Amino acid sequence: DTGVSQDPRHKITKRGQNVTFRCDPISEHNRLYWYRQTLGQGPEFLTYFQNEAQLEKSRLLSDRFSAERPKGSFSTLEIQRTEQGDSAMYLCASSLPLDYEQYFGPGTRLTVT
Amino acid sequence: EDQVTQSPEALRLQEGESSSLNCSYTVSGLRGLFWYRQDPGKGPEFLFTLYSAGEEKEKERLKATLTKKESFLHITAPKPEDSATYLCAVQPPGYKLSFGAGTTVTVRA
């Protein structure tokens with residue numbers, strides 16, 4: 001069990017550029033979640049997948065954000081036309097089909113300059 | 001809307017000085033309450049899940065308890081390696097977690 005992995009760990013981009021993050025869940029975990037965390041705050045839910053189906057999206061997820069999980073394995077989160085307010089830690093988590101515990105990856109730290 | 005409030009925001013302890021962290025919550029239909037530990041620059045690390053009032057769980061120097069309105073995380077005889085931010089989260093029906101802002105614990109040797 002190698003845990004949830006995320007790539008890249010750090011990303012610095014200029015305002016207006018597009019960025020894409022990848023998450024690889026723990027094997028056999030069919031649920032995958034994306035959260036965003038800003039300094040001094042707890043993680044905020046963005047979206048969640050069960051297998052390849054995106055079942056819930058937060059109001060925080062504007063039209064500039066899109067997430068996919070094409071084959072029910074890894075997932076990508078894309079942010080288009082980045083803004084300075086998008087600077088945050090983007091966390092991915094996964095869980096087993098019948099469990100509620102979510103296991104988090106190390107996160108991708110995004111800095112928009 | 002689900003609400004989770006953690007107190008205090010920060011806690012400085014001497015090694016061996018036991019203390020408690022509080023997590024008060026309002027949620028429509030609690031499925032579970034979760035405690036996580038987060039080290040700087042890392043993702044949250046799962047500690048406990050509590051499902052019903054009266055439930056208690058322990059792991060090394062940590063003990064979590066749950067009532068209908070709040071949860072406590074007790075740290076007994078802490079060591080410097082217990083220094084971290086402790087996050088509380090609630091899960092209503094569904095699968096998303098709603099987190100509090102966390103309590104940052106610093107344990108001095």
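Source: prediction; values computed, not measured.
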Below 4.5 Å from any heavy atom of chain A, which atoms of [X] appear? Answer side chain, backbone, both or neither.
| X | result |
| --- | --- |
| K96(B) | both |
| L97(B) | both |
| Q6(B) | neither |
| Y95(B) | both |

Do [X] and [Y] have side chains that approach each other closer than 4.5 Å (heavy atoms only, starting at C-beta)?
| X | Y | value |
| --- | --- | --- |
| C23(A) | L32(A) | yes |
| F34(B) | L87(B) | no |
| Y33(A) | V4(A) | no |
| Q84(A) | R15(A) | yes |

> Any link between L91(A) and F45(A) through a network of hydrophobic side chains (Ile, Leu, Val, Met, Phe, Trp, Tyr) touching at under 4.5 Å?
Replying inline: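 The answer is yes; both residues are in one hydrophobic cluster.
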Given that the side chain runs from C-beta out, which part of [X] has a heavy atom under 4.5 Å from chain B: side chain, backbone, both or neither?
| X | value |
| --- | --- |
| E101(A) | both |
| Y100(A) | both |
| Q6(A) | neither |

>> When you measure from the side chain of Y25(B) to the backbone of K68(B), do you find a donor-acceptor pair of N or O atoms at a distance under 3.5 Å?
In response: yes
